[in-house]
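These numbers come from a predicted model, not from an experiment.
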Amino acid sequence: MTRNPFHLVEFSPWPLTCSMGALFLTGGLVGWFHGYTYLLPITGVLLIVVSLFQWWRDIIRESTYQGFHTEKVVAGLRLGMVLFILSEVCFFFAFFWAYFHSSLAPSPDLGSCWPPTGITPLNPFQVPLLNTAVLLASGVTVTWAHHGLMQSDKSTSIQGLIATVVLGVYFTALQAGEYYEAPFTIADSAYGSTFFVATGFHGLHVLIGTTFLLISLWRTSVDHFSSGHHFGFEAAAWYWHFVDVVWLFLYLSIYWWGY
C-alpha cells in the first residue's frame, strides 16, 4: 500500500479567528470614523496578528518537521499561489480602470482636463523615481537570495533577504513621507481618490511582502529551507516580483503619464 501523497489538513480554529478579527477591524474602523471608541479595531488587529502567528506556526510544522508537504502538495500550493497572484492582478486592474476612465475623458466637473483643475500632481522625477529604483533593486536582491538558496549558500541567501527587507522598509518610509507632503488629499476629486487608493493598496502589499520576506529570512537562518525544498521562499519571491511589476505600471500611468 502506497502512502497518500496528499495532505488532509486537521481542523483548525485560525480561519475562524482571522475572520472574526477582520470583522472587528472593519466594523471597528467604521465606528471609529463616526466618533466611537477605537478599542474594537485594536482588538481586531491583535486577534488577526495572534491568529496568523499560530496559523503560520502550524504550517511550518507541517512542512518542515512532519513532512506533509510532498511533491503533490507543493504542486497544489504552487497552483494556489499562481491563482492568488492572478486574483491580485484583477484587484489592481479595477483601480487602473477607474483611473483611465476618469483621465482619458475628463468630465466638466474635473475641468475637462487631467490632472483636474486645482490639482498639483507630484513630480515623477523626484521621490517616485527613487521609489522605482528601490523596488527594482529589491527585485535584484531577492533573486540573488533565491540563487544563493538553490546553491545551498546560506550566507548569500541571508544577505540577499536582509537587503530586500531593508529596501522594502525604505520604500514604505519614502511613500509615507510622500503622502505627508502631498499637496492634495483623497477627497480631492477623482484624481485624489484613484491616486491614494491605488498607491495606498500597493503600499499595503509592500508591507505584506516585506513581512513575508522577513519570515523567510528567519526560516532561512534556522535551516528550514534546502536547495530542493523551499516553496515558502519561492512564494514570497513571486509575490515580491508581482509587487515590483504593479509599481512599474503605477509609476508609468499615475505618476509619469498623469503629470
Side-chain angles (χ1 to χ4, degrees), residues 4-10 12 14-15 17-19 21-22 48-49 51-96 135-136 138-151 157-158 160-161 163-165 167-168 171-172 201-250:
N4 184 5
F6 298 100
H7 175 215
L8 303 179
V9 297
E10 300 177 356
S12 173
W14 312 129
T17 56
C18 270
S19 300
I48 291 173
V49 170
S51 300
L52 291 179
F53 181 84
Q54 297 292 98
W55 201 347
W56 293 339
R57 180 206 61 182
D58 291 347
I59 295 175
I60 289 172
R61 285 176 176 175
E62 293 170 359
S63 62
T64 307
Y65 302 115
Q66 296 175 302
F68 288 150
H69 286 195
T70 62
E71 290 185 5
K72 288 286 186 181
V73 173
V74 172
L77 292 173
R78 289 179 186 275
L79 178 59
M81 191 65 191
V82 170
L83 293 176
F84 169 69
I85 292 176
L86 285 176
S87 72
E88 293 285 274
V89 170
C90 296
F91 179 75
F92 278 98
F93 180 79
F95 300 145
F96 284 107
L135 272 192
L136 290 177
S138 71
V140 173
T141 55
V142 77
T143 303
W144 174 40
H146 191 193
H147 281 286
L149 193 56
M150 289 190 297
Q151 295 172 3
S157 184
I158 289 177
L161 278 170
T164 308
V165 169
L167 289 170
F171 176 92
T172 302
F201 269 112
H202 177 270
L204 176 63
H205 282 69
V206 170
L207 287 173
I208 295 171
T210 303
T211 304
F212 204 170
L213 290 169
L214 194 59
I215 294 170
S216 296
L217 172 61
W218 169 73
R219 295 191 66 191
T220 301
S221 65
V222 295
D223 298 320
H224 283 182
F225 297 138
S226 67
S227 59
H229 192 83
H230 54 266
F231 175 70
F233 175 85
E234 285 185 336
W238 292 356
Y239 188 84
W240 195 253
H241 287 309
F242 161 75
V243 169
D244 287 349
V245 172
V246 170
W247 175 258
L248 289 177
F249 281 101
L250 284 173

Name each donor-acceptor pair under 3.5 Å that joins a side chain in residues 210-218 to protein atoms two or more places apart or in another chain, with its distance.
from : atom 1 : to   : atom 2 : distance (Å)
T210 : OG1    : V206 : O      : 2.7
T211 : OG1    : L207 : O      : 2.9
S216 : OG     : F212 : O      : 3.1

Give a yes or no on whether the ring-centroid distance for F231 and F225 is below 6.0 angstrom.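 Distance test on ring centres: not under 6.0 Å, no.
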For residues H202 and F171, establish whether the separation of their ring centroids is below 6.0 Å.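 Yes, the ring of H202 comes within the 6.0 Å limit of the ring of F171, centre to centre.
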Could you pull out all residues at least two apart from V140 that satisfy side chain to side chain contact (heavy atoms under 4.5 Å, CB included)?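 So V140 forms no side chain to side chain contact (heavy atoms under 4.5 Å, CB included) with any residue.
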Answer yes or no: is there a side-chain heavy-atom contact under 4.5 Å between [X] and [Y]?
| X | Y | result |
| --- | --- | --- |
| T143 | H241 | yes |
| V89 | V246 | no |
| D58 | E10 | no |
| E234 | M81 | no |
| F96 | L250 | yes |
| F242 | F92 | yes |

Please lay out, stage by stage, how V73 and E62 fare under the test side chain to side chain contact (heavy atoms under 4.5 Å, CB included). CA-CA 11 Å; V73 173; E62 293 170 359; over 6 Å; no
Between [X] (side chain only) and [Y] (backbone N and O only), is there a donor and an acceptor less than 3.5 Å apart?
| X | Y | value |
| --- | --- | --- |
| S157 | A145 | yes |
| T17 | W14 | yes |
| S138 | L167 | no |

Show the nearest heavy-atom pair for residues [X] and [Y], with the distance to one decimal.
| X | Y | answer |
| --- | --- | --- |
| H229 | S63 | NE2-O, 4.0 Å |
| S227 | H230 | O-CE1, 3.0 Å |
| D244 | G139 | OD2-CA, 3.4 Å |

Taking atom CZ as the centre, does F249 end up with more than 12 heavy-atom neighbours from other residues, nucleotides or ligands that are less than 6.0 angstrom away?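 No, the 6.0 Å shell around CZ holds no more than 12 heavy atoms from other groups.
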Could you go through the side chain to side chain contact (heavy atoms under 4.5 Å, CB included) check for H224 and Y65 one step at a time? CA-CA 9 Å; H224 283 182; Y65 302 115; 2.9 Å; yes
Taking ring-ring contact (aromatic ring centres under 6.0 Å, His included) as the criterion, tell me which of W238, F233, W240 meets it with H146.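 Of the listed options, the one satisfying the test is F233.
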Working to the nearest 0.5 angstrom, can you tell me the gap between [X] [atom1] and [Y] [atom2]?
| X | Y | atom1 | atom2 | result |
| --- | --- | --- | --- | --- |
| L136 | L248 | CG | CG | 5.5 Å |
| S226 | L149 | OG | CG | 7.5 Å |
| L52 | C18 | CG | SG | 4.0 Å |

H69 vs I59, test: side chain to side chain contact (heavy atoms under 4.5 Å, CB included). Steps then yes/no. CA-CA 9 Å; H69 286 195; I59 295 175; 4.1 Å; yes
Tell me, with the steps shown, if Y239 and E88 meet side chain to side chain contact (heavy atoms under 4.5 Å, CB included). CA-CA 10 Å; Y239 188 84; E88 293 285 274; 4.1 Å; yes
